[in-house]
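First the structure, in the form of structure tokens, and then the observations on it.
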Amino acid sequence: MLWMMIAAVVGGVLLLAGVPKVRDRGAMLRSVRGYRVLPAPLERLVAAVLPWAEIALGAALITGFAARPAAAAAALLFASFLAGLTINLMRGRRELDCGCFAFGHGGEAPRIGWFHALRAGALAVVSALLAVMPFERPTVGEHLTAIGSAVVVIAAVAASAQLRTIVHPGRRPVDKHLTKASIELRAASTVSRY
């Protein structure tokens, strides 16, 4: 059942990645072009096909339909994401919209980092293991339990990611550019007491 749950988690990740891209095809094309790793004629094709491929692979992994071929295809997909991210990071190009799960909106500065590359690499390894590891076909009850467990795991990770955008442990609540002004004000008030 553990492997079924892991397959459902990877499938859920692919669904979460694919659905927003279908709804915003223009942003998807901008994101693919931003990576500068494909010839121009392929960029439009990849931008059109990629979201549907993610959704189809995600659904296959969750339902268990053709799970091994879907896992192998997912491994190749994540490996290509790893390659695109790594190439751009090594070029020093970090100001890119990752396009991983959603697109940057106005006022946000999109950036990629090694976290994105490591995440893609980890998902590629897990998907490859799903494609080659032997496991018994689960019962319907085990399958439903695995899917339910995967939903809980994905919801917990998504909630943690959202919480991280609000709470910044170890950071001062004053913006960095205001820190100098804060120090000068404290110094001035100390001097004025004497």
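Every value quoted in this text rests on a predicted model; they were computed, and no experiment measured them.
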If you take all heavy atoms of [X] and [Y], which pair is closest and at what distance?
X: Ala146; Y: Ala8; result: O-CB, 4.3 Å
X: Ala131; Y: Ala72; result: CB-N, 3.7 Å
X: Ala59; Y: Leu15; result: N-CD2, 4.2 Å
X: Leu57; Y: Ala73; result: CD2-CB, 3.7 Å
X: Ala70; Y: Ala60; result: CB-CB, 3.7 Å
X: Val22; Y: Pro51; result: CG2-CB, 3.5 Å

Steps toward side-chain contact (heavy atoms from CB on, under 4.5 Å) verdict (Leu77, Leu50):
CA-CA 9 Å; Leu77 193 63; Leu50 180 62; 3.5 Å; yes

State plainly whether one hydrophobic cluster holds both [X] and [Y], where clusters connect Ile, Leu, Val, Met, Phe, Trp and Tyr through side-chain heavy atoms under 4.5 angstrom apart.
X: Val32; Y: Ile55; result: no
X: Leu129; Y: Val126; result: yes
X: Val37; Y: Met90; result: yes
X: Val10; Y: Trp3; result: yes
X: Phe65; Y: Leu144; result: no

- request: Sequence neighbours left out, what pairs pass side-chain hydrogen bond (donor to acceptor under 3.5 Å, both in side chains) with at least one residue falling in residues 45-72?
  value: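 Non-adjacent pairs meeting side-chain hydrogen bond (donor to acceptor under 3.5 Å, both in side chains): Lys21-Glu54.
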
Is there a side-chain contact between [X] and [Y] (heavy atoms, below 4.5 Å)?
X: Leu61; Y: Val9; answer: no
X: Phe101; Y: Val13; answer: yes
X: Ser149; Y: Thr145; answer: yes
X: Leu14; Y: Leu123; answer: no
X: Pro39; Y: Leu42; answer: yes

To the nearest 0.5 angstrom, please state how far the [atom1] atom of [X] sits from the [atom2] atom of [Y].
X: Leu38; Y: Arg44; atom1: CG; atom2: CZ; answer: 13.5 Å
X: His143; Y: Ile62; atom1: NE2; atom2: CD1; answer: 8.5 Å
X: Glu142; Y: Met4; atom1: CD; atom2: CE; answer: 10.5 Å
X: Arg23; Y: Met28; atom1: CZ; atom2: CE; answer: 14.0 Å
X: Arg94; Y: His116; atom1: CZ; atom2: NE2; answer: 10.5 Å
X: Ile87; Y: Leu82; atom1: CD1; atom2: CG; answer: 9.5 Å

Verify side-chain contact (heavy atoms from CB on, under 4.5 Å) between Thr86 and Trp114, making sure each step is shown before the conclusion. CA-CA 8 Å; Thr86 303; Trp114 287 108; 4.1 Å; yes

Practice problem: Report the C-alpha distance between Val125 and Phe78 in whole Å, list the side-chain angles of each, state the deciding distance to 0.1 Å, and finish with yes or no for side-chain contact (heavy atoms from CB on, under 4.5 Å). | Solution: CA-CA 9 Å; Val125 170; Phe78 287 123; over 6 Å; no

Okay, side chain of [X], backbone of [Y]: is any donor-acceptor separation there less than 3.5 Å?
X: Asn88; Y: Gly84; result: yes
X: Tyr35; Y: Phe81; result: no
X: Asp97; Y: Ser31; result: no

With a cut-off of 6.0 Å (strictly less than), are more than 12 heavy atoms of other residues, nucleotides or ligands near CZ of Arg93?
->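 Atom CZ in Arg93 is crowded, with more than 12 foreign heavy atoms closer than 6.0 Å.
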
Contacts of Arg33 meeting salt bridge (Lys or Arg N to Asp or Glu O under 4.0 Å) (sequence neighbours excluded), chain-then-number -> Glu43

Hits for salt bridge (Lys or Arg N to Asp or Glu O under 4.0 Å) against Glu95, two or more places apart or cross-chain, chain-then-number order -> Arg111

